[in-house]
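Below, read A as the first sequence line, B as the second, and so on, with proteins coming before strands; counting in each chain starts at 1.
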Amino acid sequence: MMDILNILLSESFWAASLRIATPLIFGVLGALICERAGVLNLGIEGIFVVGAMCGWMAVWLGAGLWGGVLVAALAGAFFGLLHAILTVPLGLSQHVSGLGITLFATSVSYYTYRTALPNVSSPPRIEPFQPLDLPVLSDLPFLGSVLFQQTALTWLALLLVALVWYVLNRTALGVAIKAVGDNPDSVDAQGLSVYGLRIGAIVVGSALMALGGAFLTMSAFDAFFFGMVNGRGWVCIALVIFASWRPGKALLGALLFGAFDALQVRLQTEVGALVPGQVFLMVPYVLSIIALVIAARSADYPRALLTPWFKGQR
Amino acid sequence: AETVKVAAIYTLPVEQQWISRIHKALNAAAERGDIEYVFSENVANTDYERVMREYAEQGSQLIVGEVFGLERAARKVAKDYPDTAFLMGSSFGPVGPNFSVFDNWIHEPSYLTGMVAGAATESNVIGMVGGYAIPEVNRLMNAFMDGAREVNPDVKFLVTFIDSWYDPPKAKESAIAMMDAGADIMYAERFGVSDAAVERGVKAVGNVIDTSGDYPGTIMASALWHMEPTIDKAITNVASGSFEAADYGQYSFMGYGGGSMVLDEELVPADVVEAVNARQAEIMDGLFRVNVNDDRPVSDN
Amino acid sequence: MTDSIVLKLNGLSKHFGPVIANDNVSLTLNKGEVLALLGENGAGKTTLMNMLFGHYLPDAGSIEVADEGGVLRPLPLGHPQVALASGVGMVHQHFTLAENISALDNITLGSEPLLSLRRNRRAARRRIEGIMAQSGLSAPLDTPVGRLSVGERQRVEILKALYRNARILVLDEPTAVLTPQEADTLFENIRLMTDEGLSVIFISHKLREVLAFSDRIAVLRHGRKVGEMATSEADEKSIAQMMVGAETPELAGSYLTPGDPVLTMSGVSVAGRSKRDTLTAIDLTVHAHEILGIAGVSGNGQSGLANVIAGLVRPEQGLIKVDGVEIASPTPAKMVRAGVGRIPEDRHHEGIVGAMSVAENMVIERLKDPEVQSYGLLRREDIQDNAERLSKAYDVRGPGVDAPARLLSGGNIQKLILARVFDLSPRLILANQPTRGLDMGAAAEVGKRLLNARARGAGVVLISEDLDELLSLADRIVVIRDGELHEAPGRDREQIGLMMAGEPA
Amino acid sequence: MIRIELRQTQSRAFTLGVPILSAVIALGFAAIPLLAAGANPIAAYAEMFRGVFGSVFAFSEVLTRATPLIFTGLAAALAFRAKLWNIGAEGQLYLGAMAAVAIGSGVLDITGILLLPLIVLMGAAAGAAGMVAPTYLKTRFGADEVVTTLLLNFIILIFVQMMLEGPLQDPMGLGWPQSAPVLDQGMLPPLMERMRVHSGLVLALILAGLAQFMLARSVWGFKLRAVGENAAAARHAGINVNRSLFGVAILSGGLAGLAGVSEVAGLKGYLTADLSPGFGYTGIVVAMLAGLSPVGVVIAALFIASVFVGADSMSRAMGVSSFLADLVVSVSLLCVLVGGFVARYRIVRASTARAVS
Ligand SMILES: Nc1ncnc2c1ncn2[C@@H]1O[C@H](COP(=O)(O)OP(=O)(O)OP(=O)(O)O)[C@@H](O)[C@H]1O
Ligand SMILES: Nc1ncnc2c1ncn2[C@@H]1O[C@H](COP(=O)(O)OP(=O)(O)OP(=O)(O)O)[C@@H](O)[C@H]1O
Ligand SMILES: [Mg+2]
Ligand SMILES: [Mg+2]
């Protein structure tokens, strides 16, 4: 018991939680934007891979770290655009298109990586983002090491939470996105383009998802690996609902998930012999389901989610 | 001699440490002109048998791979193609006439790197991050622990398995957690651990491949696996028509050059280097036998 | 006079596949005028207006709209935002509101630059409040629209158009979901605005309000304009004749002696989620040979009452007897078996499974029936025959009994439901808003069927917001208010209206 | 301006031609990665064809790979018909497989003939059990089943790993995380000598036919369709919606469980945590490609399986990266998806100018 308390009070635990949460924050924000506009994007898992691969590859080819971030976002946007074209004007099944995009994005990334680097025996490395060491702030007692020893990408993620919240709740664009996800006719009748809003939301959302992948290869680690995304994208899909499509709660959900993972890693060394390690691995998922059941009563779905809309059709 | 047609089937990408060693040895043989080499990587277990049969049908003379997930099926295929030689990473024994096995028997160098680690730790806590608790991994970890205990009876170990062969960010998080818990030497069974060590300025010990170039000043020592003796032996046997079902495991022993240990003399004190070298000589001379223990290692509490 | 023309539709045509929705329709609208556009269900009224607003692109024809200076200019077709910019505002037949944002956000949606980081909500609110004061239409601005009543939503829809400076306002069946009082208020407010120069086209099936509030009437039949007249020269009969091309029958139910009670509810209470479906200790008896009318302002518990009788909601307290037999913990299936026929309020949502065939929808309530299945397998031929028979008997017209039910027009969907319900010779019929949105011919058909059932010996619970309909069909009227029932003393329009509004009778 | 209209009529040639054309276009796209890797696309396609139809063995492999996809495809198709979005076939597959090895590896003392039916039944039951909780949470609390079933996939997979390192671990397995093998009399018999295709395929085909028949002809199917198309109307009409949902949930989970049984007792003989390369997820794709029709599922599963097996074998023959196979599958999938759209709708160009004049 003391152990758990010690862990929970340690700075490094919270720093780790935030670090583990960062890719999820990007992903869940991206998924949230898509779904707010009424489109489920199951391409997320593949878009993570594409972001991870392209961002890393760009840096490796000499584009610089921020260049890599940009490339990752563009790659994500490209696959988002593909999903958008298939699901918005063509109105195809969002499930199939999404799973198809995941398969496509993943295999394109792997194939490209392997074709470009056919004979590596260990993955080439880049110089990744370093923790932002801010003069005074980093020396603050607790927050110092939790917040100010993260890399710039974690900061970007936190900034994006605020930005997405602001856009959704305080700007005309946000109102329009929420409206198009609830009732596309409301937007159409006011002279706005349903297609434009939805496609835009998916493209931007997918770009954010790709940043989640880029974080893995450019901040959490410094090389690209096959299978390194490992289901993180799917977790974001669950977190969106946990978050009731709100950026604030999305941050909370991602942090909770990260905290459990961090706790799990720490507890396993202690009690790994007594309880199978897998029990800890399950906890975040089980808790997500419990949280979902509690949240479900109040969860208000974007009503138009999954429903295609065609102009001039009943 | 004629070139031998060799096909390899890997269940993971060729960057994976373990596989990279086989891939490297086969590439070397191909460069020498001894073999014609083709391979399939990342083959799902479900598809593995098909790929084996395809290569056999296409006339590969030697098929190399790993059948840990499909021991039965692989032996069935070998039976159906008695004229093809199979050399497979496996926990089980060979089956006549044509199914041979190998494994990464580098518990000896692991023991030696354990000695280095045991001597180096100041907190007397060593962290170990593994993939899965399978015999091949447990064996090396246990040997490493034995080595460390030989030079430092007070040493304690923290052990975690990340339940994945391939999740560097996760391995890194696990390593960080261990260093938070006091570990000052990390046993890097997986990719990602050394990165955490670098970040925290802690020393690490490598496994299977030599990554000291990637982490200068961090990797004190590494237990290396060399597939060349195994592969070359098999190729020679196939070329001469004398390939038989056999356990090639011994070719991974230090005595055959299948395992070795490197250490960074700038990071390891001279007296430790001396002790390790002495032990190494004893192993080579057959005077010291490293214990083989396949049980899952657990943290000391 | 030409300078006062604000809108000209020139020879507009539109087809959907084989359906010709509009055929060479021309129409003009004068400044400050209220033009009523009439026609049966499917006559093409909505289609015509949707072309004006840019939702649909005409196959042929053009539109001219007067600019602020009164000069007629061609309107580029197919772009709602252009129509909005030219001063055309439209209130759609079905709400086009996003329910997850506030009324204010719905109203300002599309009027602000999307990419600006700031909004001027204060200015917008001031303007809307101004419009509300001027037009007499008001609605809470900050509540999510999903929580507004239908009346409030209807007003938000109109405010949306006015906020965009509409000089021409199209109202597609604005009163279909309003009570008579609400409708009257709405039209009085519209009158205020036409005095200020607004021009209005409104579509309605309620001739009373058309005669009371319009200046001019245009009638569509089968997509063509078949007539136009000044309202002062029109009467119900002549309009009806023009719409359907024939006279509609008068409804008259002769007096019948009520028989035994077929439905008894005593002390039935339901704690609903809102006022709409809450009931407090209701006592109610319906007899054979009797139509009981339930009058009330919408949202006063009608849904709750209908849900209980339909078996959808299990009351917390109280006793329900059908034909003298108590129904313990009712379900829809139990109610059907007990002989209750149910005509749901929302026929698209609750009445039919649109993707399934007409034939299947006709047997959906009797899947246990040996005529429908044996050993769990559907008897497809019998189902087919049944559908052919019912279609003929109830005049269900459409692309055939194998076609998906959603392809039927609203009136024919209602006939399908009537056929299904009446064919089982129910002891009790629950008819919830059975004529909402139906044209006169179809509405008369429903009334006739209800009267026939009554004559046969069934009891009917008729829930309607149309007092005229209740007065013409019901033997007895009770008023529902705040989830309680109040017996109406007589059949006096005024008095019932006052009771509905909650004033002491 | 461009608009999309539902086609009123559809010629037969068109219905058949569009999917074929889509597949051809997909191959056209696949030339890009081939060229990028320096391979000759024409030769590659010849190899791909050979990889599917080149030998009895090749085609038997297609059938082998299609078998689990038919099961998971049916699982998704039935559930989706009722608008029960079961994304959890992957997890249910593992539940079925776990049950199969738990019973089939000789734990129970059961005589020969009974063992196989018992394995099949218990595997299906285990898969079905995996759908009970999500369906309960959905009907009782309104918890979204997309998320619960998706999350359960992870939980179950971790649970499988735990079992494989614990109670289910093969005592003879030298510590590998794998189960003891299914006894010989518990194995689904192979259909052909020296081939992997096994009688699980027959079971899958029978179930597909049965599902097709029951959906169209039975009262159960009627209710299922009604619930899926309009649950409110179904409820109003007296159909017990929750009961229907539970019924289809159990069937769907059971079918997915059978996929696991078929892989374990038909193919591999024992369970490892990497039994399925995403068959559960691919099943969703199969179901949607099939337009949720059970017979269509068979065709779609064969299509996906042949593209994969063909492309995989081609990648080896051409010496390009084996990731090509997934790439070709995904491109084909997207093309066929768009093709299906073209078959159902047409794109109308309406000129605004003409209308204004
Ligand atoms: N000053 C304002 N400008 C714009 N919109 C406002 C303003 N004040 C309130 N709102 C509206 O109030 C609604 C609720 O805002 P609130 O701050 O509660 O956000 P929220 O929906 O709770 O989101 P989150 O959970 O992410 O914080 C928003 O939809 C927004 O439209
Ligand atoms: N988008 C569409 N697609 C196909 N058919 C349509 C479409 N819109 C209208 N129709 C058809 O065009 C005809 C005219 O429909 P419209 O909605 O204009 O009638 P309406 O006069 O408004 O009827 P109601 O009084 O029921 O509202 C009908 O037969 C209808 O089914
Ligand atoms: Mg808030
Ligand atoms: Mg209309």
Side-chain angles (χ1 to χ4, degrees), chain A residues 3 6-7 10-13 15-17 19-20 22-23 52 107 110-111 113-114 117-125 128 130-131 149 215-217 219-232 258 261-274 276-278 280-281, chain B residues 12-17 19-25 27 41-42 125 127-130 132-133 157-183 191-192 195-196 198-200 208-211 213-215 296-301:
Chain A
D3 287 341
N6 277 338
I7 291 172
S10 76
E11 296 162 356
S12 88
F13 165 74
S17 304
R19 200 164 48 232
I20 298 172
T22 301
S107 52
Y110 289 179
Y111 187 81
Y113 178 84
R114 175 53 80 237
L117 301 163
N119 268 319
V120 290
S121 55
S122 84
R125 289 159 185 275
Q130 297 300 321
Q149 287 184 13
F215 176 85
L216 294 177
T217 47
S219 180
F221 206 61
D222 57 4
F224 176 76
F225 284 85
F226 297 97
M228 82 186 293
V229 172
N230 208 2
R232 287 177 176 88
D261 221 9
L263 187 64
Q264 175 267 122
V265 159
R266 281 162 176 77
L267 283 182
Q268 215 202 100
T269 49
E270 312 279 333
V271 287
L274 306 176
Q278 288 93 352
F280 297 108
L281 293 176
Chain B
L12 290 167
V14 292
E15 283 92 340
Q16 201 269 338
Q17 293 113 304
I19 285 169
S20 70
R21 306 309 286 173
I22 312 172
H23 190 53
K24 180 166 168 263
N27 269 329
E41 61 182 328
N42 216 40
V125 181
M128 311 177 79
V129 179
Y132 290 95
F157 295 93
L158 299 175
V159 187
T160 313
F161 293 95
I162 59 169
D163 274 355
S164 162
W165 291 129
Y166 233 58
D167 196 337
K170 193 164 185 181
K172 191 172 163 186
E173 283 300 339
S174 292
I176 289 175
M178 287 181 169
M179 292 184 283
D180 286 344
F191 276 134
D195 301 77
V198 171
E199 250 180 56
R200 293 291 178 95
V208 174
I209 57 171
D210 186 2
T211 53
D214 290 329
Y215 309 98
R296 177 192 181 116
V298 293
S299 303
D300 302 303
N301 274 354

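Contact between B/K172 and A/A220 at its shortest, heavy atoms only, is NZ-O, 2.7 Å. When all heavy atoms are compared, the tightest approach of B/S174 to A/V265 is CA-CG1, 3.3 Å. Nearest approach of A/F221 to B/G192, heavy atoms of both residues: CE1-CA, 3.3 Å.
With contacts defined as side-chain heavy-atom distances shorter than 4.5 Å, the pair A/R114/B/P13 qualifies. With a 4.5 Å cut-off on side-chain heavy atoms, B/D180 and A/F13 do not count as touching.
Summarising the geometry, atom CD1 belonging to B/I176 is positioned 7.5 Å from atom CZ belonging to A/R266; distances are rounded to the nearest 0.5 Å. The line from CD of B/E173 to CD of A/Q264 is 10.5 Å long, rounded to the nearest 0.5 Å. Here the straight-line distance linking atom OH of B/Y215 with atom CZ of A/R125 works out to 3.0 Å at 0.5 Å rounding.
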Item to check | Residue pair B/E15, A/F224: steps toward the side chain to side chain contact (heavy atoms under 4.5 Å, CB included) verdict | outcome: CA-CA 10 Å; B/E15 283 92 340; A/F224 176 76; over 6 Å; no

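Neither the backbone nor the side chain of B/E199 has a heavy atom closer than 4.5 Å to any heavy atom of chain A. Contacts between A/F215 and chain B at a heavy-atom distance below 4.5 Å are absent for every atom of the residue. Within the 4.5 angstrom heavy-atom criterion, no atom of A/S17 approaches chain B.
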